[in-house]
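Contents: one structure, followed by commentary.
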Amino acid sequence: MYPDRVVSGMRPTGAMHLGHYHGALKNWVRLQSEHPCLFFVADWHALTTHYDDPSIIESSTWDMVIDWLAAGIDPSQATIFIQSKVPEHAELHLLLSMSTPLGWLERVPTYKDQQEKLADRDLATYGFLGYPLLQAADVLIYRASMVPVGEDQVPHVEMMREIARRFNHLYGREKDFEEKAREAVKKLGSKRAKLYNELRTEYQEQGKDDALEQAKALLDDAQNLSMSDRERLFGYLEGSRKLILVEPQALLTEASRLPGLDGQKMSKSYGNTIALRDDTETVTKKVRTMPTDPARVRRTDAGDPEKCPVWQFHMVYSDTPTKEWVVKGCKSAGIGCLECKQPVVDAILKEQEPMRERAQQYLDDPSLVRAIVADGCDQARKHAQETMRDVREEMGLSYN
Ligand code: TRP
Ligand code: SF4
């Protein structure tokens with residue numbers, strides 16, 4: 001019913017590192033040329049855990065957006081915005097909260113996990129429990145069909161689907177729906193109407209997903225249907241309800257294969273990161289001082305790449321001949337560790353070069369970033385307002 005929109009967000013954590021790049025951003029950059037994409041800074045989500053220290057949210061947001069742009073998110077392709085600048089997210093969150101069972105929220109695995117992990121914070125709050133519901137509003141408000149997320153977020157997307165389904169069930173009732181839907185079918189013209197009915201039967205009686213897809217494509221192509229007839233026909237395909245909100249799919253992002261400098265997960269709290277915009281000297285120094293296989297105490301000691309975090313970097317950055325050179329040289333003590341690290345340094349610097357260049361123009365003129373985000377907020381808001389008009393109407397809140 002809606003173009004295959006992609007929505008994803010990140011909490012404002014400040015400057016991004018190469019783990020973020022290889023784990024998420026690179027994927028966003030690819031997606032933006034394939035689908036209409038909306039990428040936003042989830043500043044309200046940051047407050048669910050850091051409500052007592054909001055001072056860094058704003059600067060972290062700008063740093064993060066600059067890094068998105070540096071990584072290649074292109075504002076002429078993707079919409080970049082800030083969650084709190086589209087207050088409709090909060091309105092939908094509120095309205096969804098009316099019918100969301102507490103049990104659904106309590107059962108989301110991240111709820112207990114995060115409370116345990118962030119034990120130094122009091123997360124027995126209303127806002128924190130509602131974290132995944134706010135996230136559902138973030139996505140459902142754009143009627144997005146895909147949400148690129150890491151594995152930990154898949155249960156959140158599952159819950160969004162349930163929320164959308166429940167919403168459509170509760171509010172997608174319409175008096176005389178069947179009759180109106182049948183009238184709308186006629187408006188497709190006899191040939192299309194016949195095909196629509198056949199596909200609908202195929203889907204409903206035999207569960208053929210491709211029949212559903214075909215029928216949706218047919219509706220996408222159909223001209224001269226009113227918005228409400230179109231919606232009816234989409235809803236009629238799957239049952240006898242209007243589809244007000246769309247059930248999104250998780251688009252699983254592979255975990256970053258790039259660990260931190262010490263071989264653990266790359267994370268600011270472990271102090272083992274390479275920032276997207278670290279300068280040449282910093283990168284060189286960080287890699288040169290990386291720990292290696294502890295068995296290689298002296299240059300003449302043989303080592304084992306499997307026991308060395310530098311090898312993990314080669315796995316991400318090096319071609320096959322280089323990797324063969326590493327394995328052979330390490331196991332035979334034919335190369336020194338600094339020698340082994342050089343191709344990694346070179347590859348990272350090469351990867352970062354265009355990023356540093358892109359970032360520079362935004363650092364030189366921060367008003368460019370402000371303008372990109374302001375524009376993105378406007379665009380996002382238009383879409384969000386469209387959905388909210390329908391939502392309010394279905395919930396009896398339009399007061400016309
Ligand atoms: N919860 C996500 C995370 O921690 C961030 C997020 C907020 C998000 N709203 C979203 C991701 C909507 C995808 C879609 O990474
Ligand atoms: Fe690690 Fe390379 Fe040194 Fe082997 S030679 S221990 S792979 S840095």
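Just follow the structure's listing: the first ligand is 1, and inside any ligand the first atom is 1. Sequential numbering from 1 along the given sequence is applied to the chain's residues. It should be emphasised that the depicted structure is a prediction, and the values quoted were computed from it without experimental measurement.
Put simply, the side chain of H17 gets close to the backbone of H20: a donor and an acceptor are under 3.5 Å apart. A donor-acceptor pair under 3.5 Å is absent between the side-chain atoms of K307 and the main chain of D293, judged by distance alone. Side-chain atoms of D278 come within 3.5 Å of backbone atoms of A275 as a donor-acceptor pair (strictly under, hydrogens ignored). Checking side-chain atoms of N168 against main-chain N and O of I244 turns up a donor-acceptor pair under 3.5 Å.
Between D138 and ligand 1, at least one N/O pair is under 3.5 Å apart.
Listed by atom number, the atoms of ligand 1 under 4.0 Å from V147 heavy atoms are 13 (C), 14 (C). The ligand atoms of ligand 1 that sit less than 4.0 angstrom from a heavy atom of A42 are 7 (C). The contact set between ligand 1 and V139, taken as ligand atoms under 4.0 Å from a residue heavy atom, comprises 12 (C), 14 (C).
Residues I66 and R277 are in side-chain contact: their nearest non-hydrogen atoms beyond the backbone lie under 4.5 Å apart.
At a cut-off of 2.8 Å, measuring from atom 4 (Fe) of ligand 2, the protein N, O or S atoms that fall short of it are C330 SG, waters left aside.
Protein heavy atom in closest approach to atom 1 (N) of ligand 1: Y131 OH, 2.7 Å. The single protein non-hydrogen atom nearest to atom 5 (C) of ligand 1 is G9 O, 3.5 Å, given as residue, atom name and distance.
Considering each of Q135, H89, R11, Q114, the one bringing a non-hydrogen atom nearest atom 8 (C) of ligand 1 is Q135. Closest to atom 2 (C) of ligand 1 by heavy atom, among H156, Q153, H45, M10, is Q153.
A donor-acceptor pair shorter than 3.5 Å cannot be found between the side chains of T61 and D63.
Listed by chain and number, the hydrophobic cluster partners of V297 come to none, as no ILVMFWY side chain reaches under 4.5 Å of it.
A search for side-chain contact (heavy atoms from CB on, under 4.5 Å) contacts involving E178 returns R182, Y236, S240, not counting sequence neighbours. Partners of H45 according to the ring-ring contact (aromatic ring centres under 6.0 Å, His included) rule, which considers only residues two or more places apart in sequence or in another chain, are Y131.
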Residue pair Y142, F81: steps toward the ring pair (Phe, Tyr, Trp, His ring centres under 6.0 Å) verdict: CA-CA 13 Å; Y142 300 106; F81 68 100; 5.7 Å; yes

